[in-house]
Structures are given as C-alpha cells and as structure tokens.
Amino acid sequence: MRPFSLRLRLTAWYFGILAPSLLAISVIAVYGMNRSINSAVDHALDERATAVRALMRRTLPTGSIQDLVDEIKEHSQLDATGDLMQVADARARWLYRSRLLADHDVPLPAATQPAVRTERFNGLTLRIRNERISIDGTEFSVQVATPLHEFREAIERFQWLLYVVVPALLLCATAGGYFMSRRALSPVEKVIDAAESIGAKNLSSRLVVPSTGDELQRLSETLNKMLTRIEGAFTTVSQFTADASHELRTPLAILRTRAELALRRARSADEYREVLEQLLNGLERTSDLVDRLMLLARSDSGAQSLHRSELDLNVILRRVCEQGVTLAAAKNLNFKAELEPHGILLEGDQDFLERLFLILIDNAIKYTPACGDVAISSRLVGSMATIAVRDSGIGIGASDLPNVFERFYRADKARSRESGGSGLGLAIGRWIAEAHDGAISVESMPGEGATFSVSLPVSRVTSSRFRHVAGRT
C-alpha cells in the first residue's frame with residue numbers, strides 16, 4: 001500500500017488537532033453560557049427574595065396577616081419580573097400564591113432540598129429559590145421563581161449555531177490547511193525534481209537555493225554540499241580507476257610482450273631463466289603496485305583500520321634508520337640520524353608508522369645522487385613530535401610541490417617511472433600521517449634537495465635515551 005503524501009498527513013494532523021479543539025471550545029462555550037444564565041437568574045431571584053423579606057418585616061410588626069397578603073399582592077403586581085411567587089405560613093397554609101405556580105401545582109420545598117434548584121412541573125421549567133423567614137417568632141416559607149424556557153431556547157439556538165458553524169469552520173480550515181501545506185511544500189517538490197535530474201553525467205549541477213532564511217534554504221544548501229562531496233568522491237574514484245588501469249596496463253603489456261618473444265623460437269635454458277627472472281621482477285613490481293592500490297582503496301572506503309597501541313617513537317625510528325643505512329650504502333650516500341634524546345610515546349600503529357618513515361627515507365635516497373647526504377631528525381615541540389627527512393638530491397620544482405602527495409603524480413625529474421616509483425608512496429604516507437591525527441608537508445628547491453616533515457601528536461615523554469646513527473659506504 002502506497003503511503004499517504006506528506007501534504008495529506010499534515011492536513012490530517014491539522015484536522016486531528018483542530019477538530020477536538022473546536023469541540024472543546026464549543027462544550028466550554030455552552031457550559032459557560034449555562035453558568036452565566038444561572039448566575040444571572042440566581043442573582044435576580046436573590047434580589048426578589050430580599051425585597052419580599054424586607055416587605056414582610058416592614059408589614060407584620062404593625063399589621064395583620066391580611067395586611068401582609070395585600071402588600072404581597074400589590075408588590076407582585078408591581079414586580080417587573082412577573083408574578084412568580086408564593087408564601088406559606090408555618091402550618092403550610094398558602095398566604096399568597098401566584099396563578100402560574102398554582103396552575104402547575106408547585107409544592108413547598110422539602111427540608112432536604114437546596115435553597116436554589118431547577119425543576120420541571122407539567123412542562124414548565126422553573127428556577128426556584130426557597131427561603132425561610134422568621135418574624136416575631138413566626139416562620140414563613142417564601143418561594144420566588146423564574147421560568148427558564150426563554151433561556152433554554154436561547155441555549156438551543158446557540159447550540160444549533162455551533163452545529164452549523166463548527167463543521168463549516170472545520171471544513172474551511174482543513175481546506176485552507178491543505179492549500180497552505182501544498183503552497184509550503186511546493187518548493188520541496190522543486191527540490192525533489194531538481195535532485196532527481198542530477199546523475200553521474202551532470203554531478204556538477206546544483207540546486208537553486210532560495211533566499212528565505214528558513215529550513216528550505218538550509219535543506220538546499222545541505223544538499224548542494226552533499227552533491228559537492230559526492231562529485232569529489234566520484235571524480236576521485238574515476239581518476240583512481242583510470243590511473244590504476246593506466247599504471248597496470250604498462251607493466252602487464254611488458255610482461256606479455258616478453259613472454260610472447262620468449263615463445264617465438266626455441267631458446268636455451270639460460271635464456272629461458274633470464275626471461276623468467278625478468279618476468280618475476282616485473283610481477284613483483286606489479287604485485288607491489290596492486291598492494292598499494294588496495295591499501296589506498298581500503299583507506300578511501302574506511303575499511304583499512306589501524307591497530308593502535310602506545311609506542312616509543314625512538315624505537316620505530318631506530319628500526320627505520322637501520323634500513324636507511326643499508327639503502328644509503330647501496331648508493332654510496334651519507335646517512336645520519338639526529339633524534340630527540342628523550343623517549344617520545346604516542347598512540348599509533350607500529351607497522352604503518354615504520355612504513356611512513358621508510359617511504360620518506362627511500363624517496364630521499366632514490367632521488368639523491370651518489371655521495372649525497374640523507375638525514376632524519378626528530379624534535380619535540382609542545383605536544384607534537386616533528387620528524388624531518390632531508391636530502392641533497394635534485395629537489396622538486398615549485399609547480400610540482402602542491403601535487404607531490406597526489407596519487408600517481410610524478411614530477412618530470414623527481415618522480416619518473418624509470419626510477420621505479422609508482423607515484424603512490426607519498427600518497428600512502430599522507431594517509432598514514434592523517435590517520436594518526438598528524439600532517440605531512442614538503443619544502444624543496446630544484447637542485448637543493450627536499451625536506452619532508454611529519455607532525456604527530458605525543459601522549460607523553462620518558463627519560464629513555466637514543467644514540468645517534470650514522471652510516472656511509
């Protein structure tokens with residue numbers, strides 16, 4: 001079953017809130033009208049009872065019962081509210097009784113009845129006030145009443161008005177709510193249509209951002225930022241795929257050509273061995289390239305995780321320096337290490353950190369001519385450890401410096417394929433540094449060598465010592 005649209009759901013919520021609200025208002029209005037009418041009627045009855053009580057207290061002390069009856073009759077004729085009153089003595093004998101109350105046989109109140117009550121007598125609804133009056137030791141019972149049929153009719157007319165007005169108001173309000181929700185959501189429909197029109201071929205397209213300052217503007221800006229990130233990721237993946245295909249195609253073509261040439265004619269065992277050795281070397285380089293590609297792919301997807309533990313940076317650098325001495329000796333280079341004398345502890349992955357520093361040392365040795373210098377140093381600055389690898393090699397041009405950490409990038413001189421580089425080492429090094437909450441940078445001038453610096457956060461410093469290492473062929 002297809003779910004209802006947001007517009008219909010908003011309208012339904014609006015109706016669901018408004019309907020009970022109007023119903024509650026109607027009930028409160030009718031109840032309040034009843035209370036107001038009863039209060040006004042009770043106040044009028046109280047004034048009439050007070051007037052009768054004053055009349056009796058003024059007449060009886062000096063007059064007879066007949067005088068009292070005559071005064072009450074005269075008073076009832078002058079009463080603007082109508083002749084609805086009856087008076088009885090202590091023996092329940094009627095002294096005065098209005099025609100309407102007598103016709104409907106309104107009885108004297110029982111002792112347990114409230115002073116003010118509403119009762120219906122032979123089709124007539126009355127609001128009656130009962131009062132007992134004592135004058136010179138004689139008890140009298142006085143009742144004053146007001147018919148409620150006119151008030152009841154007014155309340156009924158008001159109720160019928162509510163029966164008509166409330167549904168009409170609810171219907172109009174619901175229709176208005178549906179219209180307003182449609183108007184309010186129409187920009188969202190435009191955003192949906194624009195978003196649906198953006199695909200792999202037009203990722204550079206963006207949504208139109210309205211200058212409304214509301215959630216719709218924020219939604220459009222957020223979607224545009226998301227599209228920018230998606231476009232960047234898509235471009236990176238596309239470029240990565242293209243570069244990887246290009247990098248793999250060349251060594252595979254070379255391996256295939258060598259194998260085909262070896263099979264064109266019969267060869268001696270030594271010749272076949274030489275071809276196999278060439279194929280093996282090529283396969284090893286290709287395998288290393290694939291491993292590096294897989295590492296970068298896993299890092300992009302977040303699948304490559306670090307196994308962090310507390311490490312001594314000096315121990316890592318010592319192992320790397322031992323390999324650096326060996327590599328430098330193969331090219332007749334001077335290699336030395338000037339490291340922080342105190343132990344520097346940090347949280348990280350030992351294998352990846354060793355790989356980072358070895359990449360930098362290998363890169364420095366690879367592009368430094370014979371009899372040149374390669375040095376590694378470390379120093380502690382606040383809570384950061386800075387490891388620098390310097391060489392006296394051919395250097396890097398100013399136009400190439402911003403790109404040396406990009407994948408598959410090679411400067412014309414410093415990163416040629418003939419030197420054995422794949423263009424991935426420094427890209428991997430940058431990922432390792434950033435994965436350890438650090439940073440990597442380079443400074444260089446053509447012909448003056450290069451300095452690669454890595455900054456890593458330190459957890460604490462110990463008093464352990466590390467001797468300097470130097471090596472030369």
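Throughout, residue positions are numbered sequentially from 1 according to the sequence presented.
Remark: the backbone N or O of Val106 is paired with a side-chain donor or acceptor of Arg97 at under 3.5 angstrom. Asp349 places a side-chain N or O within donor-acceptor distance of the main-chain N or O of His307, the cut-off being under 3.5 Å. A donor-acceptor pair is defined here as one N or O able to donate and one able to accept, closer than 3.5 Å; no such pair exists between the side chain of Asn403 and the backbone of Glu406. The backbone N or O of Leu345 sits less than 3.5 Å from a side-chain atom of Ser459, completing a donor-acceptor pair. Arg48 places a side-chain N or O within 3.5 Å of a backbone atom of Leu84 that can act as its donor or acceptor partner. The backbone N or O of Glu340 sits less than 3.5 Å from a side-chain atom of Ser378, completing a donor-acceptor pair. Distance alone, capped at 3.5 Å, places no donor-acceptor pair between the Ser220 side chain and the Val209 backbone.
Around CE of Met384, the count of heavy atoms belonging to other residues, nucleotides or ligands within 6.0 Å exceeds 12. Atom CD of Glu71 has more than 12 heavy atoms from other residues, nucleotides or ligands within 6.0 Å. Summarising the local packing, CD of Glu150 is surrounded by 12 or fewer heavy atoms from other residues, nucleotides or ligands at distances under 6.0 Å. No more than 12 heavy-atom neighbours from other residues, nucleotides or ligands sit within 6.0 angstrom of CZ on Arg218. At most 12 heavy atoms of other shown residues, nucleotides or ligands fall within 6.0 angstrom of atom CH2 in Trp13.
Listed by chain and residue number, nothing satisfies the salt bridge (charged side-chain N to carboxylate O under 4.0 Å, His left out) test with Asp67 (two or more places apart in sequence, or in another chain). Under the salt bridge (charged side-chain N to carboxylate O under 4.0 Å, His left out) criterion, Arg319 pairs with Glu354, not counting sequence neighbours.
Of all heavy-atom pairs spanning Gly343 and Asn314, the tightest one is CA-ND2, 3.6 Å. Contact between Pro107 and Trp94 at its shortest, heavy atoms only, is C-CH2, 4.5 Å. What you find for Ala173 and Tyr14 is that their closest heavy atoms are O-CE2, 3.1 Å. Here the shortest heavy-atom pairing between Leu426 and Phe405 reads O-CD2, 3.6 Å. For the residue pair Ser444 and Leu401, the shortest heavy atom distance occurs at O-CD1, 3.8 Å. Nearest heavy atom pair, residue Gly438 against residue Leu456, reads CA-CD2, 4.2 Å.
With 3.5 Å as the limit, one finds no donor-acceptor pair spanning the side chains of Ser141 and Arg132. In this model, no donor atom of one side chain and acceptor atom of the other lie less than 3.5 Å apart for Arg129 and Thr146. One side chain, Glu47 or His43, offers a donor N or O that lies under 3.5 Å from an acceptor on the other.
Between Trp431 atom CH2 and Leu356 atom CG the span is 10.5 Å, to the nearest 0.5 Å. Atom CG of Leu339 sits about 9.5 Å away from atom CZ of Arg318, to the nearest 0.5 Å. Atom CG of Asp351 is separated from atom CD1 of Ile316 by 9.0 Å, given to the nearest 0.5 angstrom. Note that CD of Glu443 and OG of Ser441 are 6.5 Å apart. Values are rounded to the nearest 0.5 Å. Distance CG/Leu313 to CD/Gln350: 11.0 Å, rounded to 0.5 Å. Note: Thr174 OG1 to Leu170 CG = 4.5 Å, rounded to the nearest 0.5 Å.
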For this session: Quick one: do Val52 and Thr50 satisfy side chain to side chain contact (heavy atoms under 4.5 Å, CB included)? Show the steps, please.
Result: CA-CA 5 Å; Val52 172; Thr50 301; over 6 Å; no
For this session: List the steps, then state whether side chain to side chain contact (heavy atoms under 4.5 Å, CB included) holds for Val389 with Phe357.
Result: CA-CA 8 Å; Val389 177; Phe357 300 131; 5.7 Å; no
Problem set entry | Criterion side chain to side chain contact (heavy atoms under 4.5 Å, CB included) on Asn130 and Arg117, from CA distance to verdict | CA-CA 9 Å; Asn130 307 312; Arg117 71 186 190 279; 2.4 Å; yes
For this session: Show your working on side chain to side chain contact (heavy atoms under 4.5 Å, CB included) between Thr451 and Val442 and close with a plain yes or no.
Result: CA-CA 6 Å; Thr451 300; Val442 60; over 6 Å; no
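The closest side-chain heavy-atom distance from Leu95 to Phe140 is below 4.5 Å. Looking only at side-chain heavy atoms (C-beta outward), Asp105 and Phe121 stay at 4.5 Å or farther from each other. Residues Asp312 and Leu346 have side chains not in contact (no heavy-atom distance under 4.5 Å, counting atoms from C-beta outward). Side chains of Ile440 and Leu360 form a contact here, defined as non-hydrogen atoms less than 4.5 Å apart. Side-chain contact check for Val116 versus Ile128: every heavy-atom pair is 4.5 Å or farther apart. When side chains are defined from C-beta on, Gln143 counts as touching Pro109, because their heavy atoms get closer than 4.5 Å. No side-chain heavy atom of Val315 sits under 4.5 Å from any side-chain heavy atom of Leu311. Within the 4.5 Å cutoff, the side chain of Glu119 has no heavy atoms near those of the Arg127 side chain.
Within the structure, side-chain hydrogen bond (donor to acceptor under 3.5 Å, both in side chains) pairs that include any residue of residues 20-36 comprise Tyr31-Arg35, Asn34-Arg152 (at least two apart or interchain).
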